[in-house]
Amino acid sequence: MAETLRRVLSPGRAAESWEHNSAEAGPPLLLLGGPGSGKTALLFAAALEAAGEGRGPVLFLTRRPLQSLPGRMPAALDPLRLQKIRFQYPPSTHELLQLLCSAHEARGPAPFLLLLDGLEEYLAEDPEPQEAAYLAALLLDTAAHFSHQVGPGGGCGLIVTLQTQEEGNSGDALQLSILQRYFPAQCWLQPIASGSGECRVRACLEPCGLVPRAEWCVAFQPDGKMTITPWHTQAGDPS
């Protein structure tokens with residue numbers, strides 16, 4: 001699912017340059033960053049991007065309803081895209097596991113993108129490493145089931161956000177290393193110097209395979225508007 005996020009972060013690229021990847025779900029992706037780094041905004045942007053592809057619905061799982069639409073993106077004003085995003089709010093790990101285990105019973109067209117925001121909140125209920133492995137495996141299994149329903153030439157992608165801590169302990173490090181085994185593609189959001197109420201992060205996308213790493217600067221204005229520029233255009237960048 002690195003390509004969906006890459007399209008979000010590269011809005012100036014011609015749409016046809018991604019056509020050869022549009023039918024491939026790609027490996028599951030873990031979106032990592034500290035509190036307030038823009039994880040939810042980018043995840044919602046990925047949902048809007050996928051909803052605009054005209055293939056099927058997007059399933060967006062989060063513990064609580066979004067208070068506002070993050071990012072202030074023009075696509076968020078498109079009612080047809082918003083209608084394709086199915087929001088569900090499992091309030092606990094138990095209910096999340098129930099939802100995933102009963103996915104095969106759901107009616108209607110299968111989603112071609114599965115999103116989970118705030119994985120750390122569910123893992124906090126039981127921080128044992130085996131629970132992280134079980135939940136990650138169940139997420140992958142659910143995406144595989146949806147892919148089977150979508151049929152040949154398609155597939156269901158998976159993107160999950162995880163909040164990282166500035167001062168992690170050994171348990172957090174072990175948990176992350178376990179999750180990285182299940183999510184070979186990752187995007188790290190690293191805060192950089194900001195001013196005038198603006199929040200800026202460096203987005204480092206590390207897809208697996210032969211696709212090279214790419215970086216962007218993502219800026220959030222005080223009014224919530226999100227702007228994205230390639231990292232190499234930033235002043236003072238030594239690369």
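Note that the numbering runs from 1 along the sequence shown for the chain. Atoms considered below: every heavy atom in the structure, side chains included; atoms not considered: hydrogens, waters and symmetry mates.
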At what distance, to the nearest 0.5 angstrom, does [atom1] of [X] lie from [atom2] of [Y]?
{"X": "Q186", "Y": "L179", "atom1": "CD", "atom2": "CG", "result": "9.5 Å"}
{"X": "L48", "Y": "K84", "atom1": "CG", "atom2": "NZ", "result": "11.5 Å"}
{"X": "L43", "Y": "T161", "atom1": "CG", "atom2": "OG1", "result": "6.0 Å"}
{"X": "K39", "Y": "E120", "atom1": "NZ", "atom2": "CD", "result": "6.5 Å"}
{"X": "Q130", "Y": "L135", "atom1": "CD", "atom2": "CG", "result": "12.5 Å"}
{"X": "R200", "Y": "I192", "atom1": "CZ", "atom2": "CD1", "result": "4.0 Å"}

Does [X] reach the side chain of [Y], with side-chain heavy atoms less than 4.5 Å apart?
{"X": "T164", "Y": "W188", "result": "yes"}
{"X": "C187", "Y": "L205", "result": "yes"}
{"X": "V160", "Y": "P28", "result": "no"}
{"X": "L42", "Y": "L9", "result": "yes"}
{"X": "L139", "Y": "L116", "result": "yes"}
{"X": "F44", "Y": "D117", "result": "no"}
{"X": "L59", "Y": "F146", "result": "yes"}

Specify the closest pair of heavy atoms between [X] and [Y], including all atoms of both residues, with the distance to one decimal.
{"X": "G38", "Y": "F220", "value": "CA-CZ, 3.7 Å"}
{"X": "L189", "Y": "A203", "value": "CD2-CB, 3.7 Å"}
{"X": "S147", "Y": "C156", "value": "OG-N, 2.6 Å"}
{"X": "P57", "Y": "P109", "value": "CG-O, 3.7 Å"}
{"X": "S92", "Y": "R63", "value": "CA-NH2, 4.2 Å"}
{"X": "P111", "Y": "R86", "value": "CD-NH1, 4.3 Å"}

Return yes if some donor-acceptor pair links the side-chain N/O of Q149 with the main-chain N/O of A110 below 3.5 Å, else return no.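 Checked: no pair found.
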
R7 backbone acceptor or donor facing S10 side chain under 3.5 Å: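 No: the side chain of S10 does not pair with the backbone of R7.
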
Show your working on side-chain contact (heavy atoms from CB on, under 4.5 Å) between T62 and T40 and close with a plain yes or no. CA-CA 10 Å; T62 182; T40 299; over 6 Å; no

Hey, which of L176, I159, L158 is the one that makes side chain to side chain contact (heavy atoms under 4.5 Å, CB included) with L30?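 One option only clears the test, and that one is L176.
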
Can you list everything that forms a ring pair (Phe, Tyr, Trp, His ring centres under 6.0 Å) with F87? Sequence neighbours excluded, please.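 F60.
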
side-chain contact (heavy atoms from CB on, under 4.5 Å) between T4 and L29, intermediate numbers included: CA-CA 10 Å; T4 297; L29 183 139; over 6 Å; no

Under 4.0 Å between a Lys/Arg side-chain N and an Asp/Glu carboxylate O for R64 and E121?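 Here R64 pairs with E121 in a salt bridge, since their nearest N and O are under 4.0 Å apart.
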
Going through the distances and angles, do R6 and W216 end up as a side-chain contact (heavy atoms from CB on, under 4.5 Å)? CA-CA 10 Å; R6 190 186 294 269; W216 297 264; 4.1 Å; yes

Considering residues, nucleotides and ligands other than H94, do more than 12 of their heavy atoms fall under 6.0 Å from its NE2?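 Not more than 12 within 6.0 Å, no.
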
